Trainee: 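I'd like to ask some things about the structure below.
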Amino acid sequence: MEEDLFWILREPANHNQVAVADEVALLNDDVAAMFNDLGVLMAVRGNVEEAERFYRRSLEIRRRLLADDHPELTLTRRNLAVLPTG
């Protein structure tokens, strides 16, 4: 049930204008940190698929904003790498 609260973060935008606005709004490290933290929460709860989605979104944002060797980018990569595989 709690996962349903995050649907807006996972669903693709329905209109081009919304997609562009979303893209601009999401291009900051606070949002990337939020996605990373949600990934941690989902991983702790055992929801590996959701965790991976959140980590990948965080990674996508951070790759656009940060240097390749930035510690926050490294943290998200590490979190993604240690997820259990099915």
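Here the structure is a predicted model, which means the values were calculated and not measured.
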Trainee: In terms of hydrophobic clusters joined by side-chain contacts under 4.5 Å, are Val44 and Val48 together?
Mentor: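 Yes, one cluster joins them.
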Trainee: Examine Leu59 and Leu75 and state if one hydrophobic cluster contains both, with Ile, Leu, Val, Met, Phe, Trp and Tyr joined whenever side-chain heavy atoms are less than 4.5 Å apart.
Mentor: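 No; Leu75 is not reachable from Leu59 via cluster members.
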Trainee: Would you call Glu60 and Arg56 a salt bridge, using N to O less than 4.0 angstrom?
Mentor: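 Answer for the salt bridge query: no.
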Trainee: Taking Asp68 first and then Arg62, would you say they form a salt bridge - that is, a charged N and a carboxylate O separated by under 4.0 Å?
Mentor: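 No salt bridge links Asp68 with Arg62.
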Trainee: In chain order, what residues pass the side chain to side chain donor-acceptor pair (under 3.5 Å) check against Arg63, with sequence neighbours excluded?
Mentor: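 Applying side chain to side chain donor-acceptor pair (under 3.5 Å) to Arg63 gives none.
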Trainee: For Leu83 and Ala51, work out which heavy atoms get closest and say how close.
Mentor: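 Shortest heavy-atom separation between Leu83 and Ala51 comes out as CD2-CB, 3.9 Å.
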Trainee: Would you give me the side-chain donor-acceptor pairs under 3.5 Å for residues 32-42, sequence neighbours excluded?
Mentor:
from, atom 1, to, atom 2, distance (Å)
Asn36, OD1, Thr76, OG1, 3.3
Asn36, OD1, Asn79, ND2, 3.0

Trainee: Check whether any side-chain N or O of Thr74 sits under 3.5 Å from a backbone N or O of His70 as a donor-acceptor pair, and report yes or no.
Mentor: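 Such a contact is found between Thr74 side chain and His70 backbone.
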